[in-house]
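Please read the structure below before turning to the comments.
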Amino acid sequence: MIPFEKALPYDIVMGDIYVQECPFCGSEHVLLPMKPHEIQSVREGKKKLLVFPCCHTRLTILDSDSDYLLTNKVVRK
């Protein structure tokens, strides 16, 4: 069972990956420094360090599906 509090929803728009809101600083519509092929490699088992461009908070992406990124930190309450 996937821990929902560690799942970050994302959207892909024209090849760019966005989150609706940064879970750490609250900025809206944050463009993540990732490409869709990196989500596929995470899905295949490779971990990815993600640094949010708005507040420079780091977290590790452990897994993904078509809607959520599974992280190593709690990102939802």
Side-chain angles (χ1 to χ4, degrees):
M1 188 166 168
I2 295 174
F4 192 66
E5 65 273 359
K6 293 185 177 183
L8 182 66
Y10 72 93
D11 295 311
I12 298 177
V13 179
M14 296 184 65
D16 293 327
I17 301 172
Y18 291 89
V19 293
Q20 290 295 325
E21 182 178 348
C22 175
F24 304 106
C25 72
S27 296
E28 294 184 356
H29 306 292
V30 179
L31 173 63
L32 298 181
M34 290 181 69
K35 295 295 176 193
H37 69 86
E38 292 176 304
I39 289 181
Q40 181 62 34
S41 67
V42 167
R43 191 173 295 151
E44 294 169 354
K46 186 175 181 182
K47 295 178 185 176
K48 167 82 175 144
L49 176 66
L50 176 64
V51 179
F52 280 83
C54 49
C55 60
H56 305 289
T57 303
R58 298 193 219 184
L59 55 83
T60 302
I61 299 173
L62 305 173
D63 198 2
S64 68
D65 65 11
S66 61
D67 297 320
Y68 293 94
L69 300 171
L70 179 63
T71 67
N72 66 331
K73 293 183 181 178
V74 174
V75 292
R76 303 177 94 172
K77 294 177 181 159

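- Of the inter-residue distances, the one linking L8 atom CG with L59 atom CG reads 7.0 Å to the nearest 0.5 angstrom.
- Atoms CG and CD1, from L32 and I39 in turn, are 8.0 Å apart once rounded to the nearest 0.5 Å.
- Within the 4.5 Å cutoff, the side chain of P33 has no heavy atoms near those of the V51 side chain.
- Within the hydrophobic cluster formed by Ile, Leu, Val, Met, Phe, Trp and Tyr side chains joined at under 4.5 Å, directly or through other members, V74 stands alone, with no partner residue.
- Listed by first and then second residue, the side-chain hydrogen bond (donor to acceptor under 3.5 Å, both in side chains) pairs that reach into residues 22-32 come to none, sequence neighbours excluded.
- With sequence neighbours left out, F24 forms a ring pair (Phe, Tyr, Trp, His ring centres under 6.0 Å) with F52.
- One finds the CZ atom of R58 at 8.5 Å from the NZ atom of K73 (value rounded to the nearest 0.5 Å).
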Between side-chain atoms of residues 41-50 and protein atoms elsewhere (two or more places apart, or another chain), which donor-acceptor pairs fall under 3.5 Å?
| unit_1 | atom_1 | unit_2 | atom_2 | d |
| --- | --- | --- | --- | --- |
| S41 | OG | E38 | O | 2.8 |
| R43 | NH1 | Q40 | OE1 | 3.2 |
| R43 | NH2 | D65 | O | 3.1 |
| E44 | OE2 | Q40 | NE2 | 3.1 |
| K48 | NZ | E38 | OE2 | 3.3 |

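- Separating the CG atom in L69 from the OG1 atom in T71 is a distance of 8.0 Å, to the nearest 0.5 Å.
- In this structure, L70 CG and D63 CG are separated by 6.0 Å, a value rounded to the nearest 0.5 Å.
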Which atom pairs, one a donor and one an acceptor, fall under 3.5 Å between side chains of residues 11-23 and the rest of the protein, sequence neighbours left out?
| unit_1 | atom_1 | unit_2 | atom_2 | d |
| --- | --- | --- | --- | --- |
| D11 | OD2 | Q20 | NE2 | 3.1 |
| D16 | OD1 | K35 | NZ | 3.4 |

